[in-house]
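For reference, the structure is listed below as C-alpha coordinates.
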Amino acid sequence: MKYRDLNIQTQREAPNNARTEGFAFLVRAGYLTRENLPTQLGERALDHLRNLSKDSSFLSHLSLPIISNDDEIFFPIVSGSLEVAHCPECKYTERLELARFAKKPLPQEEQRPLEKVLTPDCHTIEALANFLGVPKEKTAKALMHTRLADNKFVFVVVRGDMQLSEAKLKQHVGEVRAARTEEIERSGAAAGYASPIGLQNTTIVVDDLVPQSPNLVAGANEAGYHLRNTNYGRDYSAEIIADLVQAAAGDACTNCGNPLAVLSTLSLATRSMGDQPAASTYHFENILLALAEAHHDAKGLTLPHPAAPFDVYLMHVPGKEMDTRAKADEIYSSLQSVGVSVLFDDREERAGVKFNDADLIGCPLRITVGEKGLKEGMVELKPRKEKDNRLIGLAGLTSLTSQVEFWDLVREL
Ligand SMILES: [Zn+2]
(Lines give C-alpha, C1' and ligand atoms only; values in the text may rest on other atoms or scores of the structure.)
Protein backbone atom coordinates (compact mmCIF):
# COMPACT_ATOMS: atom_id res chain seq x y z
CA MET A 1 0.00 0.00 0.00
CA LYS A 2 1.11 3.53 -0.59
CA TYR A 3 0.96 6.12 2.15
CA ARG A 4 -1.12 8.52 0.09
CA ASP A 5 -3.62 5.85 -0.98
CA LEU A 6 -4.51 5.33 2.66
CA ASN A 7 -4.95 9.05 3.31
CA ILE A 8 -2.92 8.75 6.48
CA GLN A 9 -3.15 11.81 8.73
CA THR A 10 -0.69 11.79 11.61
CA GLN A 11 -0.98 14.25 14.47
CA ARG A 12 1.65 16.08 16.46
CA GLU A 13 -0.34 16.21 19.65
CA ALA A 14 -2.17 13.58 21.65
CA PRO A 15 -5.96 14.10 21.63
CA ASN A 16 -7.18 15.68 24.85
CA ASN A 17 -9.74 12.92 25.36
CA ALA A 18 -7.08 10.18 25.51
CA ARG A 19 -7.35 8.09 28.66
CA THR A 20 -4.44 5.83 27.72
CA GLU A 21 -1.18 6.23 25.82
CA GLY A 22 -2.22 3.42 23.49
CA PHE A 23 -5.33 5.30 22.37
CA ALA A 24 -3.35 8.55 22.06
CA PHE A 25 -0.83 6.89 19.74
CA LEU A 26 -3.53 5.20 17.65
CA VAL A 27 -4.98 8.65 17.01
CA ARG A 28 -1.60 10.33 16.49
CA ALA A 29 -0.47 7.59 14.10
CA GLY A 30 -3.67 7.92 12.10
CA TYR A 31 -5.32 4.57 12.89
CA LEU A 32 -8.27 6.12 14.73
CA THR A 33 -10.08 9.42 14.73
CA ARG A 34 -10.40 11.31 18.00
CA GLU A 35 -13.95 9.97 18.06
CA ASN A 36 -12.51 6.43 18.21
CA LEU A 37 -13.52 5.48 14.68
CA PRO A 38 -11.10 3.52 12.51
CA THR A 39 -9.61 5.40 9.56
CA GLN A 40 -8.57 3.63 6.35
CA LEU A 41 -5.30 2.68 8.05
CA GLY A 42 -7.28 1.50 11.09
CA GLU A 43 -9.57 -0.63 8.92
CA ARG A 44 -6.50 -2.10 7.30
CA ALA A 45 -5.08 -3.00 10.73
CA LEU A 46 -8.41 -4.54 11.77
CA ASP A 47 -8.64 -6.56 8.55
CA HIS A 48 -5.13 -7.81 9.17
CA LEU A 49 -6.14 -8.99 12.66
CA ARG A 50 -9.27 -10.64 11.24
CA ASN A 51 -7.06 -12.50 8.83
CA LEU A 52 -4.68 -13.60 11.59
CA SER A 53 -7.63 -14.86 13.64
CA LYS A 54 -8.11 -17.76 11.23
CA ASP A 55 -5.41 -19.31 13.40
CA SER A 56 -7.23 -19.88 16.68
CA SER A 57 -4.03 -19.40 18.71
CA PHE A 58 -3.22 -16.03 17.15
CA LEU A 59 -3.80 -13.96 20.30
CA SER A 60 -0.96 -15.78 22.01
CA HIS A 61 1.43 -14.64 19.26
CA LEU A 62 0.79 -10.91 19.71
CA SER A 63 2.95 -10.49 22.85
CA LEU A 64 0.01 -9.21 24.90
CA PRO A 65 -0.19 -9.58 28.69
CA ILE A 66 -3.60 -11.24 28.65
CA ILE A 67 -5.52 -13.00 31.40
CA SER A 68 -8.14 -15.57 30.59
CA ASN A 69 -10.48 -18.36 31.60
CA ASP A 70 -12.27 -21.00 29.52
CA ASP A 71 -14.90 -18.50 28.36
CA GLU A 72 -13.12 -15.24 27.78
CA ILE A 73 -9.80 -13.49 27.19
CA PHE A 74 -9.19 -10.10 28.86
CA PHE A 75 -6.60 -7.35 28.58
CA PRO A 76 -6.07 -5.25 31.73
CA ILE A 77 -6.18 -1.52 30.96
CA VAL A 78 -7.17 1.45 33.13
CA SER A 79 -9.80 2.62 30.64
CA GLY A 80 -11.44 -0.81 30.46
CA SER A 81 -15.09 -0.90 31.44
CA LEU A 82 -15.19 -4.59 32.30
CA GLU A 83 -14.21 -5.50 35.86
CA VAL A 84 -12.49 -8.82 36.33
CA ALA A 85 -11.38 -10.62 39.48
CA HIS A 86 -7.93 -12.09 39.06
CA CYS A 87 -5.68 -14.10 41.33
CA PRO A 88 -2.03 -13.16 40.68
CA GLU A 89 -0.92 -16.46 42.25
CA CYS A 90 -2.98 -19.20 40.59
CA LYS A 91 -4.30 -17.02 37.71
CA TYR A 92 -7.95 -17.65 38.52
CA THR A 93 -9.82 -15.14 36.34
CA GLU A 94 -13.53 -14.34 36.19
CA ARG A 95 -15.84 -11.44 35.43
CA LEU A 96 -16.27 -9.71 38.79
CA GLU A 97 -20.01 -10.26 38.99
CA LEU A 98 -19.53 -14.02 38.61
CA ALA A 99 -16.26 -14.44 40.52
CA ARG A 100 -16.16 -16.92 43.36
CA PHE A 101 -14.20 -16.22 46.52
CA ALA A 102 -13.52 -17.92 49.83
CA LYS A 103 -16.01 -16.55 52.33
CA LYS A 104 -15.09 -16.29 55.97
CA PRO A 105 -17.87 -17.55 58.25
CA LEU A 106 -18.35 -15.80 61.58
CA PRO A 107 -17.40 -17.68 64.75
CA GLN A 108 -20.13 -20.15 65.69
CA GLU A 109 -22.23 -19.29 68.74
CA GLU A 110 -25.36 -20.49 70.55
CA GLN A 111 -28.61 -19.58 68.84
CA ARG A 112 -30.35 -16.98 70.99
CA PRO A 113 -34.10 -16.34 71.15
CA LEU A 114 -35.74 -13.91 68.71
CA GLU A 115 -36.14 -10.45 70.15
CA LYS A 116 -38.23 -7.70 68.55
CA VAL A 117 -36.66 -4.24 68.86
CA LEU A 118 -37.87 -0.77 67.97
CA THR A 119 -35.59 0.66 65.26
CA PRO A 120 -37.04 3.97 64.06
CA ASP A 121 -35.64 5.45 60.80
CA CYS A 122 -33.31 2.50 60.20
CA HIS A 123 -33.88 2.13 56.48
CA THR A 124 -30.34 1.10 55.59
CA ILE A 125 -27.98 -1.56 56.89
CA GLU A 126 -25.59 1.22 57.96
CA ALA A 127 -28.21 3.05 59.98
CA LEU A 128 -29.42 -0.19 61.52
CA ALA A 129 -25.94 -1.40 62.49
CA ASN A 130 -25.13 2.00 64.02
CA PHE A 131 -28.41 2.23 65.89
CA LEU A 132 -28.09 -1.24 67.43
CA GLY A 133 -24.32 -1.09 67.86
CA VAL A 134 -23.70 -4.32 65.92
CA PRO A 135 -21.25 -4.89 63.05
CA LYS A 136 -22.80 -5.06 59.56
CA GLU A 137 -21.84 -8.73 59.25
CA LYS A 138 -24.28 -9.48 62.08
CA THR A 139 -27.21 -8.23 59.98
CA ALA A 140 -29.20 -9.83 57.16
CA LYS A 141 -29.86 -7.74 54.05
CA ALA A 142 -33.15 -8.29 52.22
CA LEU A 143 -33.52 -7.77 48.47
CA MET A 144 -36.94 -8.27 46.96
CA HIS A 145 -37.52 -9.15 43.31
CA THR A 146 -40.18 -10.48 41.00
CA ARG A 147 -39.29 -13.17 38.50
CA LEU A 148 -40.18 -12.15 34.96
CA ALA A 149 -41.07 -15.64 33.78
CA ASP A 150 -43.89 -16.31 36.28
CA ASN A 151 -44.25 -13.14 38.42
CA LYS A 152 -43.13 -15.15 41.43
CA PHE A 153 -42.00 -13.02 44.40
CA VAL A 154 -38.33 -13.77 45.06
CA PHE A 155 -36.93 -12.80 48.45
CA VAL A 156 -33.13 -12.79 48.61
CA VAL A 157 -31.07 -12.71 51.81
CA VAL A 158 -27.36 -11.90 51.92
CA ARG A 159 -25.27 -10.90 54.88
CA GLY A 160 -25.36 -7.17 55.61
CA ASP A 161 -21.68 -6.66 54.80
CA MET A 162 -22.04 -8.25 51.33
CA GLN A 163 -23.37 -7.03 47.98
CA LEU A 164 -25.80 -9.08 45.92
CA SER A 165 -24.53 -10.01 42.46
CA GLU A 166 -27.53 -9.74 40.15
CA ALA A 167 -25.67 -11.89 37.63
CA LYS A 168 -25.29 -14.74 40.12
CA LEU A 169 -28.93 -14.39 41.20
CA LYS A 170 -30.00 -14.61 37.57
CA GLN A 171 -28.08 -17.86 37.13
CA HIS A 172 -30.22 -19.43 39.85
CA VAL A 173 -33.67 -17.90 39.39
CA GLY A 174 -33.71 -16.41 35.89
CA GLU A 175 -34.44 -12.79 34.96
CA VAL A 176 -35.91 -10.63 37.72
CA ARG A 177 -36.95 -7.04 38.30
CA ALA A 178 -37.31 -5.04 41.50
CA ALA A 179 -40.54 -5.96 43.30
CA ARG A 180 -43.32 -3.38 43.48
CA THR A 181 -44.78 -2.16 46.77
CA GLU A 182 -48.00 -4.10 46.33
CA GLU A 183 -46.07 -7.30 45.57
CA ILE A 184 -44.01 -6.82 48.72
CA GLU A 185 -47.08 -6.20 50.84
CA ARG A 186 -48.95 -9.17 49.37
CA SER A 187 -46.17 -11.49 50.57
CA GLY A 188 -46.42 -10.13 54.09
CA ALA A 189 -43.11 -8.30 54.00
CA ALA A 190 -42.57 -4.65 54.95
CA ALA A 191 -40.27 -2.59 52.74
CA GLY A 192 -37.27 -1.34 54.71
CA TYR A 193 -38.02 -3.75 57.56
CA ALA A 194 -38.27 -7.02 55.64
CA SER A 195 -37.16 -10.50 56.54
CA PRO A 196 -38.05 -13.92 55.08
CA ILE A 197 -39.74 -14.98 58.31
CA GLY A 198 -43.41 -15.83 57.88
CA LEU A 199 -43.83 -14.80 54.24
CA GLN A 200 -46.54 -16.18 51.89
CA ASN A 201 -46.12 -17.44 48.31
CA THR A 202 -42.48 -16.49 48.21
CA THR A 203 -39.39 -18.09 46.75
CA ILE A 204 -36.69 -17.58 49.35
CA VAL A 205 -33.11 -17.55 48.10
CA VAL A 206 -30.19 -17.14 50.50
CA ASP A 207 -26.48 -16.69 50.06
CA ASP A 208 -24.57 -19.73 51.28
CA LEU A 209 -22.91 -17.67 54.01
CA VAL A 210 -26.23 -16.91 55.72
CA PRO A 211 -26.86 -20.43 57.10
CA GLN A 212 -23.38 -20.26 58.69
CA SER A 213 -24.08 -16.88 60.30
CA PRO A 214 -25.93 -17.19 63.61
CA ASN A 215 -28.04 -14.56 65.36
CA LEU A 216 -28.39 -11.99 62.58
CA VAL A 217 -30.50 -8.86 62.90
CA ALA A 218 -33.26 -8.90 60.27
CA GLY A 219 -36.47 -7.01 59.59
CA ALA A 220 -39.58 -7.80 61.63
CA ASN A 221 -41.91 -7.27 58.62
CA GLU A 222 -43.42 -4.41 60.58
CA ALA A 223 -42.51 -0.78 59.96
CA GLY A 224 -40.08 0.53 62.57
CA TYR A 225 -39.11 -2.89 63.99
CA HIS A 226 -36.32 -5.42 63.54
CA LEU A 227 -35.64 -8.83 65.02
CA ARG A 228 -32.42 -9.72 66.79
CA ASN A 229 -31.08 -13.28 66.62
CA THR A 230 -32.69 -14.59 63.45
CA ASN A 231 -31.28 -17.98 62.51
CA TYR A 232 -31.51 -19.81 59.21
CA GLY A 233 -33.10 -23.24 59.65
CA ARG A 234 -34.80 -22.40 62.92
CA ASP A 235 -36.73 -19.30 61.81
CA TYR A 236 -36.99 -19.79 58.05
CA SER A 237 -35.61 -21.89 55.24
CA ALA A 238 -34.92 -21.35 51.57
CA GLU A 239 -35.63 -23.03 48.26
CA ILE A 240 -32.21 -22.12 47.00
CA ILE A 241 -28.93 -21.76 48.91
CA ALA A 242 -26.17 -20.57 46.60
CA ASP A 243 -23.27 -18.20 46.19
CA LEU A 244 -25.05 -14.92 45.42
CA VAL A 245 -22.66 -12.18 46.45
CA GLN A 246 -20.11 -10.11 44.61
CA ALA A 247 -16.38 -10.49 45.25
CA ALA A 248 -14.28 -7.44 46.09
CA ALA A 249 -10.57 -6.67 45.86
CA GLY A 250 -8.70 -8.43 48.66
CA ASP A 251 -11.21 -11.27 49.05
CA ALA A 252 -9.52 -14.66 49.23
CA CYS A 253 -9.16 -16.74 46.06
CA THR A 254 -11.21 -19.97 46.28
CA ASN A 255 -8.39 -21.96 44.73
CA CYS A 256 -5.35 -20.81 46.66
CA GLY A 257 -6.45 -18.34 49.35
CA ASN A 258 -4.38 -15.43 48.09
CA PRO A 259 -6.03 -12.02 47.82
CA LEU A 260 -7.91 -11.38 44.56
CA ALA A 261 -7.20 -8.26 42.52
CA VAL A 262 -10.00 -6.46 40.71
CA LEU A 263 -8.81 -5.24 37.31
CA SER A 264 -10.37 -2.98 34.71
CA THR A 265 -10.15 -4.82 31.41
CA LEU A 266 -11.22 -5.04 27.80
CA SER A 267 -12.65 -8.28 26.51
CA LEU A 268 -10.55 -9.49 23.57
CA ALA A 269 -12.41 -12.71 22.86
CA THR A 270 -15.39 -14.65 24.09
CA ARG A 271 -15.74 -18.35 23.52
CA SER A 272 -19.23 -19.59 22.94
CA MET A 273 -19.69 -22.96 24.52
CA GLY A 274 -22.10 -25.41 22.97
CA ASP A 275 -20.38 -25.25 19.61
CA GLN A 276 -17.99 -28.07 18.85
CA PRO A 277 -15.24 -27.06 18.82
CA ALA A 278 -15.95 -23.95 20.87
CA ALA A 279 -15.92 -20.96 18.52
CA SER A 280 -14.39 -17.66 19.56
CA THR A 281 -15.82 -14.25 18.89
CA TYR A 282 -13.02 -11.71 18.72
CA HIS A 283 -13.35 -8.05 19.58
CA PHE A 284 -10.90 -6.67 17.05
CA GLU A 285 -11.17 -2.98 18.03
CA ASN A 286 -10.24 -3.98 21.58
CA ILE A 287 -7.35 -6.11 20.32
CA LEU A 288 -6.00 -3.14 18.34
CA LEU A 289 -6.19 -0.92 21.42
CA ALA A 290 -4.50 -3.62 23.51
CA LEU A 291 -1.70 -3.87 20.96
CA ALA A 292 -1.13 -0.11 21.06
CA GLU A 293 -1.18 -0.10 24.85
CA ALA A 294 1.27 -2.98 25.16
CA HIS A 295 3.54 -1.93 22.28
CA HIS A 296 4.62 1.70 22.24
CA ASP A 297 7.51 3.89 23.31
CA ALA A 298 7.91 7.65 23.64
CA LYS A 299 7.87 8.15 19.86
CA GLY A 300 4.97 5.98 18.81
CA LEU A 301 3.77 2.45 18.26
CA THR A 302 6.21 -0.48 18.23
CA LEU A 303 3.97 -3.18 16.83
CA PRO A 304 5.63 -6.59 16.60
CA HIS A 305 5.40 -8.99 13.69
CA PRO A 306 2.80 -10.46 13.08
CA ALA A 307 0.53 -7.91 14.82
CA ALA A 308 1.48 -4.95 12.64
CA PRO A 309 -0.65 -4.35 9.53
CA PHE A 310 2.57 -3.79 7.55
CA ASP A 311 5.92 -5.42 8.24
CA VAL A 312 7.92 -2.75 6.44
CA TYR A 313 7.75 1.03 6.31
CA LEU A 314 9.53 1.85 3.06
CA MET A 315 10.59 5.42 2.34
CA HIS A 316 12.91 7.37 0.13
CA VAL A 317 14.75 10.55 0.96
CA PRO A 318 14.43 12.76 -2.12
CA GLY A 319 17.92 13.02 -3.70
CA LYS A 320 19.85 15.79 -5.40
CA GLU A 321 21.59 13.73 -8.04
CA MET A 322 19.94 10.33 -7.96
CA ASP A 323 16.35 9.19 -8.38
CA THR A 324 15.89 7.58 -4.98
CA ARG A 325 12.18 7.24 -5.62
CA ALA A 326 12.75 4.90 -8.57
CA LYS A 327 14.95 2.61 -6.47
CA ALA A 328 12.37 2.61 -3.69
CA ASP A 329 9.78 1.61 -6.30
CA GLU A 330 11.93 -1.36 -7.29
CA ILE A 331 12.18 -2.49 -3.66
CA TYR A 332 8.44 -1.99 -3.24
CA SER A 333 7.66 -4.24 -6.21
CA SER A 334 10.13 -6.88 -5.10
CA LEU A 335 8.81 -7.02 -1.51
CA GLN A 336 5.22 -7.11 -2.72
CA SER A 337 5.95 -9.84 -5.24
CA VAL A 338 7.04 -12.20 -2.45
CA GLY A 339 4.20 -11.20 -0.11
CA VAL A 340 5.99 -8.97 2.41
CA SER A 341 3.46 -6.35 3.49
CA VAL A 342 4.80 -2.86 2.84
CA LEU A 343 3.63 0.66 3.56
CA PHE A 344 5.43 2.81 0.97
CA ASP A 345 5.80 6.43 1.99
CA ASP A 346 6.31 7.85 -1.51
CA ARG A 347 5.64 11.48 -0.52
CA GLU A 348 8.21 14.08 -1.50
CA GLU A 349 8.65 15.10 2.14
CA ARG A 350 11.71 15.85 4.23
CA ALA A 351 13.36 12.84 5.87
CA GLY A 352 12.52 14.13 9.36
CA VAL A 353 8.79 14.22 8.66
CA LYS A 354 8.86 10.68 7.32
CA PHE A 355 10.98 9.33 10.18
CA ASN A 356 8.49 10.77 12.67
CA ASP A 357 5.57 9.19 10.86
CA ALA A 358 7.38 5.86 10.60
CA ASP A 359 7.97 5.93 14.36
CA LEU A 360 4.33 6.81 15.05
CA ILE A 361 2.85 4.13 12.76
CA GLY A 362 5.15 1.51 14.24
CA CYS A 363 5.88 -1.06 11.51
CA PRO A 364 8.50 -3.56 12.76
CA LEU A 365 11.05 -2.54 10.07
CA ARG A 366 11.89 0.71 8.29
CA ILE A 367 13.75 0.69 4.99
CA THR A 368 15.16 4.04 3.91
CA VAL A 369 16.44 4.66 0.39
CA GLY A 370 18.85 7.62 0.36
CA GLU A 371 21.45 8.98 -1.97
CA LYS A 372 24.44 8.35 0.24
CA GLY A 373 23.71 4.64 0.62
CA LEU A 374 22.69 4.13 -2.97
CA LYS A 375 26.12 5.28 -4.14
CA GLU A 376 27.46 2.16 -2.43
CA GLY A 377 24.56 -0.03 -3.52
CA MET A 378 23.06 -0.03 -0.03
CA VAL A 379 19.85 1.06 1.72
CA GLU A 380 19.23 1.54 5.42
CA LEU A 381 17.26 -0.94 7.47
CA LYS A 382 16.12 -0.05 10.97
CA PRO A 383 14.11 -2.31 13.26
CA ARG A 384 11.54 -0.06 14.98
CA LYS A 385 12.58 -1.14 18.46
CA GLU A 386 16.31 -0.63 17.92
CA LYS A 387 18.29 2.55 17.93
CA ASP A 388 20.68 2.01 15.07
CA ASN A 389 20.43 1.60 11.32
CA ARG A 390 22.07 -1.24 9.47
CA LEU A 391 23.00 -1.26 5.81
CA ILE A 392 21.54 -3.85 3.51
CA GLY A 393 22.44 -4.50 -0.12
CA LEU A 394 20.01 -3.07 -2.65
CA ALA A 395 20.61 -5.97 -5.02
CA GLY A 396 19.36 -8.53 -2.48
CA LEU A 397 16.19 -6.55 -1.84
CA THR A 398 15.27 -6.05 -5.49
CA SER A 399 15.73 -9.68 -6.50
CA LEU A 400 13.78 -11.53 -3.81
CA THR A 401 12.36 -14.90 -4.75
CA SER A 402 10.58 -15.70 -1.49
CA GLN A 403 9.38 -14.11 1.72
CA VAL A 404 11.64 -16.45 3.70
CA GLU A 405 14.60 -15.05 1.79
CA PHE A 406 13.67 -11.55 2.95
CA TRP A 407 13.39 -12.51 6.62
CA ASP A 408 16.73 -14.37 6.34
CA LEU A 409 18.35 -11.21 4.95
CA VAL A 410 16.98 -9.21 7.88
CA ARG A 411 18.09 -11.76 10.44
CA GLU A 412 21.62 -11.92 9.08
CA LEU A 413 22.23 -8.23 9.76
ZN1 LIG B 1 -5.60 -18.18 43.48
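Just follow the structure's listing: the first ligand is 1, and inside any ligand the first atom is 1. Remember, predicted model here, so these are calculated numbers, not experimental data. Sequential numbering from 1 along the given sequence is applied to the chain's residues. No hydrogens, no waters, no symmetry mates; every other heavy atom, side chains included, goes into these values.
The side chain to side chain contact (heavy atoms under 4.5 Å, CB included) test with I287 singles out one residue from L62, L266, I66, and that residue is L62.
Around the Zn ion (ligand 1), protein N, O or S atoms at a distance under 2.8 Å total 4; waters are neither shown nor counted.
Ring-plane geometry between Y282 and F58 is classed as perpendicular, the angle between the planes exceeding 60 degrees on a 0 to 90 degree scale with a lower cut at 30.
Residues passing the side-chain contact (heavy atoms from CB on, under 4.5 Å) test with S237 are Y232, sequence neighbours excluded.
For residues 14-38, no residue pair satisfies the salt bridge (charged side-chain N to carboxylate O under 4.0 Å, His left out) rule, not counting sequence neighbours. The salt bridge (charged side-chain N to carboxylate O under 4.0 Å, His left out) pairs that include a residue from residues 139-148 are R147-D150, where partners are two or more places apart or lie in different chains.
With F153 as the aromatic partner, R186 does not meet the cation-pi criteria of under 6.0 angstrom to the ring centre and within 45 degrees of the ring axis.
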